[in-house]
Amino acid sequence: MPFLPFTFSIVGVQKAGTSTLQWMLNQHPEVARPPRKEMGWFDVDDQTWRDVDHSAYGIKHAKPIHIALGDATPRYLLMPGSLERMHEQRPDMRLIAAFRDPIDRLVSQWVMVRERQPEKAPDWPEMMAWRPDDFPTELPDEFDGRGGRARFMRASGVIRGYYGGQVRHGLSVFPREQWLFLDFATLLAEPNPTLDRVTRHIGVGRFKPYPPLKKLMAGSPTITGTAPTGEDLMTLARVLEPELAEYVALTGLSVDHWTTERLLTGDLDAEEQAQVYARKAGLA
């Protein structure tokens with residue numbers, strides 16, 4: 001059987017349907033399944049990157065019908081240097097980025113990590129603490145030294161929602177025609193038309209039949225911790241406001257239905273929304 005290199009990647013963002021989208025694409029007869037969902041091939045440190053045999057980035061036993069292969073590593077859009085490394089080795093890679101309201105996304109990440117490691121994972125105040133002025137395209141100096149990348153990942157909750165900066169940086173590395181930007185809410189509401197856009201983007205035929213929509217990595221956990229307040233939500237919304245504006249300008253996607261935008265316009269009460277989050281986390 002022939003070797004098939006990776007041809008596309010779902011590069012972000014975390015908690016925005018990347019597992020769901022990857023699972024559905026794995027049901028397509030022309031799409032080969034990767035060894036695992038998150039290959040993490042490009043988000044390692046420079047020393048490890050230089051020691052890798054890049055010719056092995058693919059699968060050895062593809063079937064003749066397989067013409068596309070991709071993984072879903074949400075860290076690629078976040079981690080400085082990842083897209084640049086990808087472009088160095090796979091300049092023709094097709095890229096997919098799915099986005100979700102940034103505050104909803106942050107809360108979902110907080111609940112997930114607190115459920116998995118209640119004694120070690122950051123609580124809500126730490127999750128929202130680091131709010132730099134712009135999306136970092138290089139590892140900031142404050143994360144230099146031993147364990148810096150791990151500390152950056154731990155602190156990165158809010159900047160994972162700096163969508164304007166992420167899209168801007170992504171477009172500076174790969175040309176626009178290699179990008180497909182998706183809204184998580186649209187994937188859930190209109191899965192089949194969304195899949196048509198995805199299959200067209202990665203160069204395979206339309207689904208026949210379409211796979212069912214499965215909301216993977218979802219759940220209703222009960223965690224311990226400090227629940228968000230209405231003041232917290234408005235602080236985040238104001239920080240994220242310019243990012244949303246740039247995201248809309250660069251992608252053409254609407255954010256009118258997003259929690260952050262509705263908080264900014266006054267269509268959503270911050271204290272009431274904080275209670276919604278607290279109930280979902282089992283803290284109210």
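We use all heavy atoms of the structure for the numbers below, so side chains are in, but hydrogens, waters and symmetry mates are not. Just so it is clear, the model here is predicted, and its values are computed rather than measured.
- In this model, no donor atom of one side chain and acceptor atom of the other lie less than 3.5 Å apart for Tyr162 and Asp133.
- The 12-atom threshold is exceeded at CD of Glu177, counting heavy atoms of other residues, nucleotides or ligands nearer than 6.0 Å.
- Here the side chains of Leu268 and Leu233 are not in contact, with every heavy-atom distance at 4.5 Å or above.
- For Glu38 and Arg75, the salt-bridge test passes: some basic side-chain N is under 4.0 Å from an acidic carboxylate O.
- For the atom pair Ile159 CD1 and Asp134 CG, the distance stands at 10.0 Å (nearest 0.5 Å).
- Glu231 CD: 12 or fewer foreign heavy atoms inside a 6.0 Å radius.
- Between Thr194 and Thr186, the shortest heavy-atom distance links the atoms OG1-O, 3.6 Å.
- Pro34 is listed as a side-chain neighbour of Gln22, based on a closest heavy-atom distance under 4.5 Å.
- Between Tyr163 and Tyr247, the angle of the ring planes lies from 30° to 60°, which puts this pair in the tilted group.
- For CZ of Arg206, the number of neighbouring non-hydrogen atoms (other residues, nucleotides, ligands) closer than 6.0 Å is 12 at most.
- The minimum heavy-atom distance linking Ala281 with Trp110 is given by the pair CB-CZ3, 4.2 Å.
- The side-chain heavy atoms of Trp23 and Pro211, taken from C-beta on, include a pair separated by under 4.5 Å.
- Exactly one residue among Phe8, Phe174, Phe42 makes a ring pair (Phe, Tyr, Trp, His ring centres under 6.0 Å) with Tyr76. That residue is Phe42.
- A distance-only check finds no donor-acceptor pair linking the side chain of Arg262 to the backbone of His257 [under 3.5 Å].
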Would you please test Ile103 and Leu263 for side-chain contact (heavy atoms from CB on, under 4.5 Å) and show each step? CA-CA 10 Å; Ile103 296 180; Leu263 287 168; 4.0 Å; yes

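- Both Leu188 and Leu180 belong to a common hydrophobic cluster when Ile, Leu, Val, Met, Phe, Trp and Tyr are linked at side-chain heavy-atom distances under 4.5 angstrom.
- Ring centroid separation for the pair Trp130 and Phe143 comes in under the 6.0 Å cut-off.
- Ring pair Tyr210/Phe207 is tilted by interplanar angle, where 30° to 60° counts as tilted.
- The shortest distance between side-chain heavy atoms of Arg105 and Val13 falls below 4.5 Å.
- Side-chain contact between Thr235 and Arg131: present, with at least one pair of heavy atoms (C-beta onward) separated by less than 4.5 Å.
- Rounding to the nearest 0.5 Å places CG of Asn192 at 14.0 Å from CZ of Arg197.
- Within 6.0 Å of CG in Asp92 there are more than 12 heavy atoms belonging to other residues, nucleotides or ligands.
- Residues Arg90 and Ser9 are not in side-chain contact: their nearest non-hydrogen atoms beyond the backbone lie 4.5 Å or more apart.
- For the pair Arg50 and Glu88, the salt-bridge criterion is met [side-chain N within less than 4.0 Å of a carboxylate O].
- Scanning both residues, Gly230 and Ala274, for their nearest heavy atoms gives N-CB, 3.6 Å.
- Under a hydrophobic-cluster definition in which Ile, Leu, Val, Met, Phe, Trp and Tyr are linked whenever side-chain heavy atoms come within less than 4.5 Å, directly or via other members, Met153 and Trp124 are assigned to the same cluster.
- Looking at Tyr277 and Leu106, their side chains never come closer than 4.5 Å, going by heavy atoms from C-beta outward.
- Put simply, CG on Asn26 and CG on Asp71 are 10.5 Å apart, with the number rounded to the nearest 0.5 Å.
- Taking OG1 from Thr259 and CZ from Arg100, the interatomic distance works out to 9.0 Å, rounded to the nearest 0.5 Å.
- A distance of 9.5 Å separates CG in Asp101 from CD in Glu261, rounded to the nearest 0.5 Å.
- Under the 4.5 Å side-chain criterion, counting only non-hydrogen atoms from C-beta, Tyr57 is not in contact with Gln89.
- Atom-to-atom distance recorded for Ile10:CD1 and Ile202:CD1 is 8.0 Å, nearest 0.5 angstrom.
- With hydrogens and angles left out, the side-chain atoms of Thr229 and Asp232 include a donor and acceptor closer than 3.5 Å.
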